[in-house]
Amino acid sequence: MKKLMLLGDEALAQGAMDAGMSGCFAYPGTPSTEIMEYIQRSELAAERDIHRTWSSNEKTAVEATVGMSYTGKRTMSCMKHVGLNVAADPFMNSAFVGANGGNLLAVADDPSMHSSQNEQDSRFYAKFAMIPCLEPSNQQEAYDMAFHGFNLSEHFKLPIMIRLTTRLSHSRAGVECREPMPENELKLPEDPNQFMLLPAFSRKKYKALIALQPEMEKASEESPFNWYEEGTDTSLGIIACGLAYNYLKEVFVGKTCPYPILKISQYPLPRTYINRIMAECDKIMVLEEGQPLVEEMIKGYMPNTKIIGRLDGTFSRDGEMNPNKVMVALGLPEGTDAPVPEVVTGRPPALCVGCPHSDSFRALNTAIEPYGPGHVFSDIGCYTLGFMPPYHAINTCLDMGASIPMAKGASAAGLFPAVAVIGDSTFSHSGMTGLLDCIYDKTNIVVIILDNSTTGMTGGQDYTAHNRLEEICMGMGIEKEHIRVITPLSRLHDENVKVIEEEFAYNGVSVIIPRRECVQTLRRKASKKK
Amino acid sequence: MKKDIILAGVGGQGILTIASVIGAAAIEEGLNLKQAEVHGMSQRGGDVQSHLRISDQPIYSDLIPMGRCDVILSVEPMEALRYVPYLSEEGWIITNKTPFKNINNYPEEAALYAEAEKVKNHLLIDADAIAKELGSPRSMNIVILGAASFVLGLNYEGLKTTIAKVFGRKGEAVVNANIAALDAGRKIAADKVK
Ligand SMILES: Cc1ncc(C[n+]2csc(CCOP(=O)(O)OP(=O)(O)O)c2C)c(N)n1
Ligand code: SF4
């Protein structure tokens, strides 16, 4: 057995490969990106030619896993929490068609929004889809759960969710690894109707999914990742989920926790354990990372038991858990409470010096000045920092791909000019359908696709429309003379302003593509060459 | 043996290199290790931190609890102060003095030094100048590591061997420069802390 130092993300990736995974499908997103990046660097993946190139978005990634699972092979999709919103349709339906080869959906939540536009708890999706969810509390569990997850998936013939959170995804620890298992053979589903969702089949499948619930609960009760720790003081019982279990153990390091503990890392909730802790203890404290899922659920178990958690105000409704929050809730001494010294100021992220986006924003600002503020709909990526001083160049950011349809809606309402600013990777992810809406409608709109040759925000990954932006726009039906490629450089400022002005003057769909490579990927390539 | 270390700096200043040297040295000594890295937005000139926990006992939390940190090891003075709430009463703050100014409202350096000196155990070092003097300005981070070496609880020779391994790919000259930086940092610390 070899021991490796791995991030939580990497432990899951290594586990999935060692458990015989044949293909990984993903779109980057912090904090999940390192799962795929690790597989792309892996020798085992290269040897076995495990599928490991990026997908256009999370929806196509999940759909590809369902296709691979159909063939009997083991597969995994990876995404950040908001990516699961994009993939929600295939995800929900995949619970109906189920799995043939083991199918894992790894989703990394980002409580406290270290690098995300919102905070949401993916466990709700697993509950919504009525499938099992695994929530590792440490790197070793993340590794082991890949094996366990594939087995569960093939046992129940269902996809399984593995839910990670930022602190585990991005923290490194020693992980004991096993010998790699062989991959599954290609073997189509025994039931030729399994992957066919027509209402007549779906009604049966839904009943079958409902009927499986007690067995899933039983699997949670027998899971090696759920357990009960006896305690002498039953005035309180603690339910600790996933990563929060670590924070609890941390608080009692070198001592024993006097209260009974129920550790949960596999859902649906293990009912007999919950009944036991609620019967044994006067009050229940729930420690969970994210939203109060378990807390809300157990309220229905024994309505008279007092439950302490995020809903009664003991823990804040939002934000990450940490050891200090647990100490305070348990009334333990917290150590020092020194504040951050007042002289310390924030250091907000900014566009890199020399970033091509900064020249694009300067040109756009000059061209749009006569029309006043409020015309620029943007999207998610490094370029969202164009909102910050000194640029103040964009007005909105909603979700990936929203810039073009939002500008279309505003244009339909009479706003002129209506400008969409979207990154090249975001355009591949979900920009094209919105653009097609505009073309269909002959919307008066200027779409600026910032081509820096990479997915900059998440550290520089490749993307599917790379080197194909003009062809895509032309193929979709935009006239050639209104697809304008410019080079965002300060010495070309006046020229670039003129191009933007010309396209404002055109009543129809224009695309402007400022093209210059991200300085970070350029730098990395240069140092690799050395 | 337990050491909870916060590494602090600004994106691109090399704190993850420090983390990998300490980490590899700790593993060489058979210790347990957890290291929480920071990714994402913070890469673009934002503040960067890493929680590094070493122990001969099992380690649970990936985050160091506030008030329990043994050493803040920082390559930038304002960033060192950002993590003071984590420091234990006997904890050390060991920081480079050279500011990294990428914001308009960067505070007065003197005020930062004064604040750091309020911490009972502090060590402020002009690591940039030392690294420059050695002819390898980029090894500033390793000067700080050398200065902190006496509080990390790790074998000093082990740190050197690890540096040789971590920088080995880059050639002998780079390895030697970094070992010289480590020694210089350690010596300065020894002179200051008497
Ligand atoms: C649905 C969804 N998936 C992934 C992400 C993470 N994410 C934010 S921006 C971005 C891509 C940015 O790339 P690009 O559009 O090329 O802009 P750049 O950062 O290079 O300027 C990604 C992957 C997200 N916020 N939402
Ligand atoms: S990483 Fe690249 S795209 Fe992002 S701000 Fe830096 S230079 Fe610009």
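In what follows, chains are A, B, ... by sequence order, proteins preceding strands, each numbered from 1. Keep in mind that this is a model prediction, so the values were computed, not measured.
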Which answer fits [X], side chain, backbone, both or neither, if we ask what part of it has an atom under 4.5 Å from a heavy atom of chain B?
X        : result
A/Val340 : both
A/Gln139 : side chain
A/Leu248 : neither

**OP:** Report yes if some heavy atom in the side chain of B/Ile5 is under 4.5 Å from a heavy atom in the side chain of B/Leu152; otherwise report no.
**Re:** yes
NZ/NE/NH1/NH2 to OD/OE distance under 4.0 Å, [X] and [Y]:
X        : Y        : result
B/Asp56  : B/Lys2   : no
A/Lys525 : A/Glu517 : yes
B/Lys187 : B/Asp191 : yes
B/Glu79  : A/Arg347 : yes
B/Lys120 : B/Glu90  : yes
A/Lys263 : A/Glu141 : yes

Just so I understand: if I count every heavy-atom pair under 4.5 Å between each of [options] and chain B, which residue has the most?
options                                : answer
A/Gly346, A/Ser169, A/Ser137           : A/Gly346
A/Lys325, A/Glu250, A/Glu342, A/Lys249 : A/Glu250
A/Val343, A/Asn138, A/Val251, A/Thr345 : A/Thr345

Subject >> Heavy-atom proximity to chain A below 4.5 Å, by part of B/Leu63 >> reply: both
Subject >> Interchain contact, B/Ile27 with chain A, by part (heavy-atom threshold 4.5 Å) >> reply: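 B/Ile27 touches chain A through side-chain heavy atoms alone.
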Original post:
What option among B/Arg82, B/Gln57, B/His51, B/Arg53 has the most heavy-atom pairs under 4.5 Å with chain A?
Top reply: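 Winner by heavy-atom pair count: B/Arg82.
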